[in-house]
Student: 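Got a structure for you, questions after.
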Amino acid sequence: MVGDSRIVRKVKNNLMNATQLIPPRDLEAIQSVWRVDLEGRKARYGYYYLPDNYSEVILVLKGDLQRFVIGTRQRTRMEQHKCYLAPARSKGTILYANDDVSLLIFKVRPNLHNAIIHNKCFESRNDIKELDLSAYASPSWERALRVQDSDYLMKGLYSYLEDRYQFSRGAESVIEQCMEIIAEHHGHIKVKDLNDLVGVCKSTLEEKFNKELGLSPKEFCKIEKINYFLSNHQSFQGEMTLTQLTFKSGYYDQSHLIKEFRYFVDLSPRKYLKEINKLDLRVRSEASPVMAMAG
């Protein structure tokens, strides 16, 4: 198992264990690496998982699970010891399992998924693809999977992503510029203003966003906004009411916030925050603990 020197933060309860790991080297395309363990009796009811504008490489260490896209009939099975690429999600998802599940999750910049799958198209939005890791099918790799050696497997997957990143062309500069602007405004910027700032017409910008990231500029902004609210909730939930947090996060009123939450998870923010299982792998500031949260 992973030694303490490889851990950033670790949070446990009787239903979940989520650990942010330290990768072997810095690579700007990788935002964070996580080891997540879900207990079967809670996973049977499902873990809600909001989009966060990152793609994910997911290695299933233990158990099989189902990934359900909220608001659609899209359901995908993910099998033990297999690795998958999930592009940046436009909708929330729910993870279901009948038994205990362990995952190794790499959160990567969304443009990297094009390099990982050699610019092949996904069958549909919010789809996932199984990755071919046959090159790693050595006795050492197989043993690491059996004993769930996160450190060894992380290093192998990191090399895999590093190799592909070297041959990636990266996102177009206008997309990089837009992502930076949207992040600076916490998603609270009109697409028209974004068009004016980068000097690109609406149709061209939408085409570039969908090609590079699999999301529209409006969707990208919505996701950034709702994650800004969640960060504020994490930092100030003991000091501010939900109404105060709503205004602080840039929403017009609570109905605006509720509408956004229902779009992604078909739940009100209050119910999402207090009454259900949720998986939250956003990186926090040093002042706020890095954790995965359970309802």
Side-chain angles (χ1 to χ4, degrees), residues 1-40 42-43 47 49 54-67 76-87 93 95-109 112-113 115-118 128-168 279-281 283 290-292:
M1 302 299 289
V2 182
D4 289 343
S5 62
R6 307 302 311 173
I7 294 173
V8 178
R9 296 287 177 89
K10 190 168 187 175
V11 174
K12 288 185 178 181
N13 58 39
N14 63 335
L15 300 171
M16 183 189 328
N17 176 7
T19 307
Q20 186 185 350
L21 307 177
I22 301 175
R25 297 171 298 281
D26 287 334
L27 184 64
E28 63 178 354
I30 298 177
Q31 188 253 7
S32 58
V33 184
W34 299 84
R35 163 72 185 255
V36 176
D37 299 289
L38 307 179
E39 186 176 295
K42 202 71 171 179
Y47 277 91
Y49 195 19
Y54 285 95
S55 297
E56 294 171 331
V57 174
I58 305 171
L59 178 62
V60 184
L61 304 175
K62 177 185 177 183
D64 296 339
L65 65 153
Q66 294 278 340
R67 179 179 180 268
T76 310
R77 185 180 181 188
M78 302 173 70
E79 299 179 4
Q80 179 173 282
H81 294 176
K82 291 188 177 180
C83 191
Y84 301 87
L85 172 66
T93 57
L95 303 180
Y96 293 101
N98 291 323
D99 299 303
D100 295 353
V101 173
S102 297
L103 308 168
L104 191 62
I105 301 177
F106 281 68
K107 301 189 79 66
V108 303
R109 290 177 65 85
L112 181 59
H113 73 243
I116 295 172
I117 59 173
H118 306 292
I128 63 174
K129 277 189 178 295
E130 182 180 345
L131 299 179
D132 181 9
L133 297 183
S134 57
Y136 294 89
S138 65
S140 296
W141 180 264
E142 296 297 333
R143 179 186 176 282
L145 283 173
R146 286 196 304 273
V147 302
Q148 300 176 45
D149 185 343
S150 299
D151 193 28
Y152 183 93
L153 296 167
M154 176 178 62
K155 290 176 180 176
L157 273 176
Y158 196 90
S159 297
Y160 169 87
L161 294 173
E162 197 170 37
D163 289 344
R164 276 144 188 81
Y165 182 65
Q166 289 177 357
F167 295 102
S168 71
L279 187 63
D280 186 352
L281 303 183
V283 175
V290 175
M291 64 174 66

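The shown structure was predicted, so the numbers you read here are calculated from the model rather than taken from an experiment.
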Student: State, with a plain yes or no, whether a side-chain heavy atom of Ser150 is found less than 4.5 Å away from one of Val33.
Tutor: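 Contact flag for Ser150/Val33 side chains = no.
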Student: Apply side chain to side chain contact (heavy atoms under 4.5 Å, CB included) to the pair Tyr165 and Val108, showing each step before the final yes or no.
Tutor: CA-CA 11 Å; Tyr165 182 65; Val108 303; over 6 Å; no
Student: Do the side chains of Asp37 and Lys62 get nearer than 4.5 Å, heavy atoms only?
Tutor: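 Sidechains of Asp37 and Lys62: no contact.
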Student: With rounding to the nearest 0.5 Å, note down the distance linking OH in Tyr152 to CG in Leu145.
Tutor: 9.5 Å
Student: Is it true that a side-chain atom of Tyr136 and a backbone atom of Leu157 form a donor plus acceptor pair closer than 3.5 Å?
Tutor: no
Student: Give, for atom NZ of Lys82 and atom CD1 of Ile58, the distance between the pair rounded to the nearest 0.5 Å.
Tutor: 15.0 Å
Student: Quick check: closest heavy atoms across Leu281 and Lys107, and the distance to 0.1 Å?
Tutor: O-CD, 3.8 Å
Student: Nearest 0.5 Å please: distance from the NZ atom of Lys129 over to the SG atom of Cys83.
Tutor: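 Going from the NZ atom of Lys129 to the SG atom of Cys83 covers 14.0 Å.
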Student: Considering all heavy atoms of both residues, which atom of Ile128 and which atom of Met78 are nearest to each other, and what is their separation?
Tutor: CD1-CG, 3.7 Å
Student: Heavy atoms only: give me the nearest Arg35-Ser102 pair and the separation to one decimal.
Tutor: NH2-OG, 3.6 Å
Student: Rounded to the nearest 0.5 Å, what separation is found between the CG atom of Leu59 and the NE2 atom of His81?
Tutor: 8.0 Å
Student: Are Met154 and Phe106 close enough that some pair of their side-chain heavy atoms sits under 4.5 Å apart?
Tutor: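 Sidechains of Phe106 and Met154: in contact.
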Student: One pair to check against side chain to side chain contact (heavy atoms under 4.5 Å, CB included): Tyr160 and Val57. What are the steps and the verdict?
Tutor: CA-CA 11 Å; Tyr160 169 87; Val57 174; 5.6 Å; no
Student: Does anything in residues 135-147 form a salt bridge (Lys or Arg N to Asp or Glu O under 4.0 Å)? List the pairs, not counting sequence neighbours.
Tutor: none
Student: Given side chain to side chain contact (heavy atoms under 4.5 Å, CB included), test Glu79 with Glu130 step by step and report yes or no.
Tutor: CA-CA 10 Å; Glu79 299 179 4; Glu130 182 180 345; over 6 Å; no
Student: Write down the atom of Leu133, the atom of Trp141, and the distance for their closest heavy-atom approach.
Tutor: CD1-CZ2, 4.1 Å
Student: Could you report the tightest heavy-atom contact between Asp26 and Tyr158, atom names first, then the distance?
Tutor: C-OH, 3.1 Å
Student: Evaluate the criterion side chain to side chain contact (heavy atoms under 4.5 Å, CB included) for residue pair Tyr49 and Arg67; output intermediate values, then yes/no.
Tutor: CA-CA 10 Å; Tyr49 195 19; Arg67 179 179 180 268; over 6 Å; no
Student: Would a distance-only check, ignoring hydrogens and angles, find a side-chain to backbone donor-acceptor pair under 3.5 Å from Asp100 to Gly40?
Tutor: yes
Student: Once you round to the nearest 0.5 Å, how far does CD of Glu162 lie from NZ of Lys155?
Tutor: 13.5 Å
Student: Is the closest side-chain heavy-atom distance between Leu21 and Leu104 below 4.5 Å?
Tutor: yes
Student: Distance from Thr76 atom OG1 to Leu65 atom CG, nearest 0.5 Å?
Tutor: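 The distance works out to 10.0 Å.
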